[in-house]
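Here's the structure, in structure tokens; my notes come after.
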Amino acid sequence: MKSADVRHRSSKGIVFGICLFLLAAGGLFFYFRIYRVEPAFTEMTYEYGDAVSRDIGDYLTGTDWSVHLGELDLSGVNEEQTGTYMAVVTHGRKQFAYRIIIQDTVPPQILWRENQVYLATDRDCDVTDVIAGVTDVDREAEAFFVEDDEPCYELTFDRAGEYTLVIGARDRAGNMAEGKVSVIVDTPPAFEGIREFYLIPGSTPDYQAEVSARDDVDGNLTDEIQIDDSDVKLDQEGCYTLRYLARDSYGLETVEETLVTVASADEIQGLIGKRRIDYRLDYICGAPNIYDAGASDREDIEEMLEDVRPALVQLYHDVGMGGYSSGSGYIMEITQDAIYICSNSHVVDKYEDWDVYFYDGTKLQGEKVGVSEIYDVGVAKVATEDVPVELLEQLMTVHIDRSYWESLDQQEIELALERVDKEGGLLHKSTGNLIKIKQDFEWFDQRDHTEVTVELIHGDSGSAVMDGYGNLIGMAFAYSEEPLRFWCIPLDGILSCYEEITGRMPYVY
């Protein structure tokens with residue numbers, strides 16, 4: 001029995017040993033034949049723009065089952081930029097590192113325009129005006145002109161002609177492409193007559209009035225002008241942008257913008273009165289008196305006289321035998337029917353008709369409207385339809401600010417008058433100061449007159465006397481002797497007499 005038991009235990013040991021051997025052999029077989037994996041590479045190069053593989057099978061070799069147990073980590077790889085990065089694969093307790101190189105070796109491609117390229121003289125142009133674009137995997141690849149082997153990003157041509165330009169394109173990796181293109185440079189269309197608009201609500205302006213366009217090759221393009229007023233609201237006060245476009249046969253375009261201001265009549269007139277706008281330069285509609293010469297915001301006698309000269313006239317009547325009668329005057333109103341001129345009654349009342357000489361020497365037939373017996377004030381007029389258009393577009397009326405005038409008293413402000421002659425030049429100028437707006441006067445029913453130190457001579461009668469800002473202060477009237485004193489009709493007297501004679505009242509600030 002004892003020997004049999006020993007044999008039994010020996011037999012169990014052998015079986016156990018065999019089992020261990022088989023288990024070990026199976027484990028080794030599983031590990032080496034099924035589970036074990038190896039990195040497929042240690043370094044991989046990609047062309048910039050190509051996606052880095054996310055397939056774990058590209059990173060490990062081994063059985064398909066075991067390979068897919070691996071986990072790929074590409075968080076350290078920036079596919080948006082060239083460079084060398086590290087990728088990691090975790091498989092069980094092992095980690096495998098891979099060097100990922102992203103490089104850009106392909107230069108950009110310049111996209112050329114199919115048609116002839118035309119550029120405008122005296123305008124800055126960049127490469128986008130010449131080529132259709134650049135294509136490259138690098139979104140930051142740029143194109144530029146090449147001059148003297150250096151990049152140039154802007155060109156300006158000062159004369160027309162045909163030019164050959166070198167175009168370069170480069171990406172961030174330094175890959176470079178170059179090419180040449182022939183361009184024709186020509187003068188673009190040019191506008192004339194574009195003005196700013198100042199309108200009362202409800203106006204219907206002619207945006208193309210006096211606006212023209214011309215091109216050196218195509219000639220007159222006025223009929224081809226395109227106007228974009230989509231931003232303008234004519235029924236709502238505000239400031240809007242108006243655009244003009246002209247295009248020539250080469251496709252060269254000129255775009256110009258101007259402003260359209262919609263405001264009340266008083267607001268627009270206020271801008272005129274402050275010389276912020278001028279009907280000779282701007283399109284004005286709805287203001288009571290677009291012709292007002294306005295007042296400057298600074299005192300300057302010489303500048304003032306030049307500014308208001310278009311409001312001055314000379315009255316002249318030939319009496320035969322070489323004799324004549326003359327006097328000065330100034331424009332109070334310009335209406336659709338007549339241009340109303342103020343002077344002294346002792347000038348106007350002499351004749352029913354007068355030759356009226358304007359500041360540029362233009363002579364037109366005028367007639368007496370009437371005179372007043374209150375002050376020495378008379379009014380003549382010229383039919384507006386008789387005035388040449390080019391002259392009418394320059395004439396002004398004197399600026400009347402009664403509130404300002406009434407604020408003056410005994411002051412030393414500088415005053416001046418100027419007389420124009422028949423040839424369009426200057427006949428006489430005199431300067432001085434204001435003594436008092438209203439001063440006792442012994443003659444002419446002892447009505448108060450304005451006393452000045454502006455020396456009056458024969459022929460100055462009826463001249464507008466203004467301050468250095470351009471405000472009408474009075475009208476030259478007379479001088480008295482012993483002592484020598486110079487007198488003007490006060491502004492309120494001029495206005496009341498003018499209304500009495502014409503039944504009208506000019507615009508008064």
Side-chain angles (χ1 to χ4, degrees), residues 311-320 323-335 337-358 363-384 386-387 395 397-398 400 402 405 417-420 422 427 437-439 441-452 454 456-466 472-480 486-508:
L312 308 182
V313 301
Q314 182 74 218
L315 301 175
Y316 187 90
H317 190 92
D318 190 343
V319 297
Y324 67 90
S325 179
S326 69
S328 296
Y330 51 93
I331 300 174
M332 286 286 281
E333 279 192 285
I334 300 176
T335 70
D337 299 321
I339 296 177
Y340 291 92
I341 297 163
C342 244
S343 184
N344 289 139
S345 63
H346 73 258
V347 174
V348 174
D349 202 30
K350 291 180 181 178
Y351 302 99
E352 293 299 318
D353 56 75
W354 288 89
D355 289 332
V356 178
Y357 288 87
F358 291 86
K363 182 181 77 170
L364 296 174
Q365 187 66 38
E367 64 181 42
K368 179 177 75 173
V369 176
V371 297
S372 173
E373 295 183 358
I374 302 174
Y375 279 100
D376 191 359
V377 176
V379 179
K381 70 177 181 179
V382 172
T384 305
D386 294 339
V387 182
L395 295 182
T397 65
V398 291
I400 304 172
R402 185 161 182 167
W405 179 82
L417 65 81
E418 191 174 75
R419 285 164 54 201
V420 295
K422 296 190 298 181
L427 193 61
I437 283 294
K438 290 288 190 73
Q439 185 73 283
F441 189 64
E442 296 183 5
W443 298 277
F444 220 90
D445 294 336
Q446 297 183 330
R447 294 187 182 89
D448 291 340
H449 281 66
T450 299
E451 186 174 359
V452 298
V454 179
L456 305 178
I457 64 173
H458 179 71
D460 285 345
S461 296
S463 295
V465 177
M466 290 168 284
L472 180 65
I473 302 300
M475 177 166 58
F477 166 50
Y479 63 88
S480 57
F486 301 99
W487 301 93
C488 298
I489 298 169
L491 180 61
D492 58 354
I494 298 171
L495 293 174
S496 62
C497 291
Y498 181 82
E499 184 177 19
E500 172 200 349
I501 296 166
T502 65
R504 304 179 55 82
M505 176 58 69
Y507 187 85
V508 178

query: When rounded to the nearest 0.5 angstrom, what distance separates CD in Gln314 from CH2 in Trp354?
result: 9.5 Å

Donor-acceptor contact present, side-chain Asp353 to main-chain Glu367, <3.5 Å: no

query: Going by atom types alone, do Tyr498 and Glu333 pair a side-chain donor with an acceptor below 3.5 Å?
result: yes

task: May I have the step-by-step check of side-chain contact (heavy atoms from CB on, under 4.5 Å) for Ile334 and Val387, ending in yes or no?
output: CA-CA 11 Å; Ile334 300 176; Val387 182; over 6 Å; no

Passing option when Leu364 is tested against Ile339, Asp355, Val382, Val313 for side chain to side chain contact (heavy atoms under 4.5 Å, CB included): Val382

query: What pair of heavy atoms forms the shortest contact from Ser328 to Ser343, and how long is it?
result: O-OG, 2.6 Å

task: Please check if any side-chain donor atom of Trp487 sits under 3.5 Å from a side-chain acceptor atom of Thr450, or the reverse.
output: no

message: Tell me if a side-chain donor or acceptor on Asp318 pairs with a main-chain N or O of Gly320 at a distance below 3.5 Å.
response: yes

message: Around atom OH of Tyr479, are there more than 12 heavy atoms from other residues, nucleotides or ligands closer than 6.0 Å?
response: no

- prompt: Can you tell me how far CG of Asp448 sits from NZ of Lys438, rounded to the nearest 0.5 angstrom?
  reply: 5.5 Å

- prompt: Roughly how far, to the nearest 0.5 Å, is CG of Leu427 from CG of Asp460?
  reply: 8.5 Å

field: Main-chain N/O of Asp492 paired to Arg402 side chain as donor or acceptor, under 3.5 Å
entry: no

task: Show your working on side-chain contact (heavy atoms from CB on, under 4.5 Å) between Tyr357 and Val420 and close with a plain yes or no.
output: CA-CA 8 Å; Tyr357 288 87; Val420 295; over 6 Å; no

From CD1 (Ile494) to CZ (Phe477), nearest 0.5 Å: 12.0 Å

statement: NZ (Lys350) and CG (Leu315) are apart, to the nearest 0.5 Å, by 11.0 Å

message: I want to check something: taking the side chain as every heavy atom from C-beta on, are Tyr507 and Ile400 in contact at a cut-off of under 4.5 Å?
response: no

message: Does any part of the side chain of Tyr330, heavy atoms only, come nearer than 4.5 Å to the side chain of Leu472, both counted from C-beta?
response: yes

query: Looking only at heavy atoms, which two atoms of Gly366 and Val356 are closest? And how far apart?
result: CA-CG2, 4.0 Å

message: Any heavy-atom pair between the side chains of Val379 and Val348 that's under 4.5 Å?
response: no

- request: Could you tell me whether the side chain of Phe486 reaches within less than 4.5 Å of the side chain of Val454, counting heavy atoms only?
  value: no

field: Carboxylate-amine/guanidinium contact Asp349 Lys368, below 4.0 Å
entry: yes

statement: For Val452 and Cys488 the tightest heavy-atom approach is CG2-SG, 3.9 Å

Member of Asn344, Leu417, Leu491 meeting the side chain to side chain contact (heavy atoms under 4.5 Å, CB included) criterion with Met475: Asn344

message: On a heavy-atom basis, which atom in Val377 and which in Cys342 lie closest, and how many Å separate them?
response: CG1-SG, 4.2 Å

message: When you measure from the centre of the six-membered ring of Tyr316, is the NZ or CZ of Lys422 closer than 6.0 Å and no more than 45° off the axis?
response: yes

- prompt: Minimum heavy-atom separation for Tyr340 to Thr502, with atom names?
  reply: CD2-CG2, 4.2 Å

- request: Rounded to the nearest 0.5 Å, what's the gap from OG on Ser461 to CZ on Arg419? Could you check?
  value: 8.5 Å

field: No-hydrogen, no-angle side-chain donor-acceptor test under 3.5 Å, Ser326 and His317
entry: no

task: For residues Pro506 and Thr397, determine if any side-chain heavy atom of one lies less than 4.5 Å from a side-chain heavy atom of the other.
output: no

- request: Indicate whether the side chain of Asp376 and that of Ser345 have a donor and an acceptor atom separated by less than 3.5 Å.
  value: yes

- request: Would you check if the side chain of Arg447 reaches a backbone N or O of Ile374 as a donor-acceptor pair within less than 3.5 Å?
  value: yes

Smallest separation among heavy atoms of Ala464 and Val398, with atom names: CB-CG1, 4.4 Å

field: Verdict with reasoning, Lys381 to Thr335, per side-chain contact (heavy atoms from CB on, under 4.5 Å)
entry: CA-CA 11 Å; Lys381 70 177 181 179; Thr335 70; over 6 Å; no

message: Does any part of the side chain of Met466, heavy atoms only, come nearer than 4.5 Å to the side chain of Ile473, both counted from C-beta?
response: no

